[in-house]
Student: 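Take a look at this one; I'll ask things after.
In this text, all values refer to a predicted model and were calculated from it rather than measured experimentally.
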Amino acid sequence: MELLEGTRARVITTGSGQACTVERWRLPPGTREGDVLVDGRLDPERTEHLRREVARKRAALAVPLPPGLDL
């Protein structure tokens, strides 16, 4: 699940990386952006794995600040 807007959602198919738009009522209740769906059901284990992977990649891309510099 990439993006939820109004009555529609943008879903990205793993493997192909292609995005498609679906009606939100077709998604499981409580689906949020970033959730992984498998066969129309929320997969909490894969969702958590994806969240950890994204956090790890963001941390690797972060620019360290010199000591004493606050933003």
Side-chain angles (χ1 to χ4, degrees):
M1 172 68 50
E2 182 187 40
L3 179 66
L4 293 172
E5 298 179 319
T7 61
R8 297 186 180 189
R10 186 170 25 188
V11 178
I12 298 185
T13 306
T14 55
S16 71
Q18 291 185 332
C20 64
T21 302
V22 298
E23 298 296 324
R24 286 183 73 172
W25 63 266
R26 299 184 74 162
L27 302 172
T31 301
R32 301 177 306 163
E33 291 178 3
D35 285 347
V36 176
L37 303 172
V38 176
D39 295 329
R41 289 174 288 173
L42 184 61
D43 188 326
E45 186 176 309
R46 288 185 185 182
T47 297
E48 186 56 34
H49 175 74
L50 177 62
R51 287 188 178 136
R52 284 193 308 265
E53 185 69 19
V54 168
R56 185 184 66 75
K57 287 183 179 184
R58 283 184 178 162
L61 294 172
V63 176
L65 295 175
L69 180 64
D70 292 326
L71 296 178

Student: How about Leu37 and Leu42: do any of their side-chain heavy atoms sit closer than 4.5 Å?
Tutor: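 The answer is yes; the side chains approach within 4.5 Å.
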Student: List the atom pairs, with distances to 0.1 Å, where a side-chain N or O of residues 56-68 and a protein N or O form a donor-acceptor pair under 3.5 Å, not counting sequence neighbours.
Tutor:
unit_1: Arg56; atom_1: NH2; unit_2: Glu53; atom_2: OE2; d: 2.6

Student: Identify the heavy atoms of Asp43 and Val38 that sit nearest to each other, and give their distance.
Tutor: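 Asp43 and Val38 have their closest heavy atoms at OD2-CG2, 3.7 Å.
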Student: Write down the atom of Pro28, the atom of Gly40, and the distance for their closest heavy-atom approach.
Tutor: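 Scanning both residues, the minimum pair turns out to be CG-O, 3.2 Å.
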Student: Between Asp35 and Arg51 (salt bridge meaning N to carboxylate O under 4.0 Å), is one present in this structure?
Tutor: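 Yes.
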Student: Which value, rounded to the nearest 0.5 Å, describes the distance between Arg8 atom CZ and Arg24 atom CZ?
Tutor: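 The CZ atom of Arg8 sits 12.5 Å away from the CZ atom of Arg24.
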Student: Looking at Glu23, I'd like to know if its CD atom is crowded, meaning that more than 12 non-hydrogen atoms belonging to other residues, nucleotides or ligands lie closer than 6.0 Å.
Tutor: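 Yes, CD of Glu23 has more than 12 neighbouring heavy atoms, counting only those of other groups under 6.0 Å.
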Student: To the nearest 0.5 Å, what is the distance between CZ (Arg41) and CG (Leu27)?
Tutor: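 That separation rounds to 14.5 Å.
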